[in-house]
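Working notes for the structure below.
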Amino acid sequence: MANTDAPRGFIPAFHIAGGAIRFSPVRYDIIDDYATAIYTYDPVTLASNGTITKAAAGGVVLGIFAGCNYQSSVTREWSFSRTWPAAQSILPASGYAVAFIWDDPYIAYLCQHDGTPARADVGLAYDTVTALAGDDTYGTSKMELSTTTGSATDGQFKVIGFPRDDNDYALANAAAYVLVNESFLKSV
């Protein structure tokens, strides 16, 4: 049976050391009017000014976005959002919103390939496909692994296995378990 083509970003699945994933992600800042939308389960990175930005394909990954909290300059209300709306104006002007990030480099994530991987791809590293817009209805990512970028060393995420339920890893759009390979926190 064919795999469903439904990219959904990088969903926390388990911690490789066992136990539960810390549900409470770490807080980072997003600068006022940051011009790119970020969706829950999108990879993010740390910019030179100390704020988070959406990770570009091939770039270092700080962690996975889990939502944000900000005070809208329009409604003046505080709100939690699964999405950072592009160019959101917040209060105070030129201030920062709070972003929640799963930044533990030992969390395994469930994600989808954009092509057809192989069982032998376990251990290979891949970059992401970032051109897909997120789902505005649910506030979730549509990012996935770029199957053509598989490398023994270079790539944002390393495949550590395939889920066994209803997932044919020999067909297009197979799901995989991955770890952050090019981690900002592992390189410091």
Side-chain angles (χ1 to χ4, degrees), residues 1-26 37-45 52 54-68 82-84 99-151 154-186:
M1 181 168 83
N3 298 312
T4 303
D5 185 10
R8 54 196 173 272
F10 295 81
I11 301 170
F14 58 90
H15 197 282
I16 64 169
I21 297 171
R22 238 183 353 177
F23 181 72
S24 178
V26 178
I38 307 174
Y39 295 85
T40 294
Y41 310 133
D42 273 348
V44 295
T45 194
I52 64 127
K54 189 171 185 174
V60 173
V61 175
L62 170 66
I64 304 298
F65 187 76
C68 60
R82 293 177 55 88
T83 305
W84 170 257
F100 302 101
I101 310 297
W102 286 293
D103 68 354
D104 184 337
Y106 300 104
I107 294 175
Y109 299 94
L110 181 65
C111 65
Q112 175 182 295
H113 279 269
D114 70 341
T116 305
R119 177 52 105 189
D121 288 356
V122 172
L124 292 183
Y126 295 88
D127 287 330
T128 57
V129 176
T130 58
L132 301 171
D135 185 323
D136 288 322
T137 301
Y138 298 105
T140 55
S141 176
K142 287 191 177 180
M143 291 178 74
E144 57 190 340
L145 295 178
S146 175
T147 305
T148 60
T149 63
S151 165
D154 295 328
Q156 293 169 296
F157 293 90
K158 183 176 292 255
V159 173
I160 59 171
F162 295 97
R164 301 211 185 275
D165 61 327
D166 221 17
N167 180 54
D168 191 338
Y169 57 81
L171 295 177
N173 307 311
Y177 291 119
V178 298
L179 289 173
V180 175
N181 184 52
E182 294 174 344
S183 169
F184 175 83
L185 294 178
K186 286 184 185 176

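Owing to the predicted nature of the structure, the values given are computational and were not obtained by experimental measurement.
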Shortest non-hydrogen contact from [X] toward [Y]:
X    : Y    : value
T4   : Q112 : O-OE1, 3.3 Å
P163 : L110 : CG-CD1, 3.7 Å
P25  : I101 : CB-O, 3.3 Å
I52  : A99  : CD1-CB, 3.8 Å
V180 : V61  : CG1-CB, 3.8 Å
A175 : R8   : CB-NH2, 3.8 Å

_Taking side chain to side chain donor-acceptor pair (under 3.5 Å) as the criterion, tell me which of D114, D121, T116 meets it with T147._
D114
Main-chain N/O of [Y] paired to [X] side chain as donor or acceptor, under 3.5 Å:
X    : Y    : value
E182 : G155 : yes
T140 : D135 : no
N3   : A172 : yes
D42  : S141 : no
R82  : Y39  : no

First locate atom [atom1] of [X], then atom [atom2] of [Y], and finally report the distance between them rounded to the nearest 0.5 Å.
X    : Y    : atom1 : atom2 : value
I38  : W84  : CD1   : CH2   : 8.0 Å
I11  : T40  : CD1   : OG1   : 10.5 Å
T149 : D127 : OG1   : CG    : 4.5 Å
I16  : Y177 : CD1   : OH    : 14.0 Å

*Between Y109 and Y41, is the ring centre distance below 6.0 Å?*
no
*Under 6.0 Å between ring centres, would you say that holds for F10 and F157?*
yes
_Partners passing side chain to side chain donor-acceptor pair (under 3.5 Å) against S151 (at least two apart in sequence or in another chain)_ = none
*Mind checking what makes side chain to side chain donor-acceptor pair (under 3.5 Å) contact with T128, not counting sequence neighbours?*
Q156
*If we ignore angles and hydrogens, is there a donor and acceptor under 3.5 Å between the side chains of H113 and N173?*
no
Evaluate the side-chain proximity of [Y] to [X]: yes if any heavy-atom separation is below 4.5 Å, no if none is.
X    : Y    : answer
D103 : L185 : yes
P43  : M143 : yes
V159 : L179 : no

*Start with the C-alpha distance between F162 and V122, add both sets of side-chain angles, then the distance that settles side chain to side chain contact (heavy atoms under 4.5 Å, CB included), and finish with yes or no.*
CA-CA 8 Å; F162 295 97; V122 172; 3.6 Å; yes
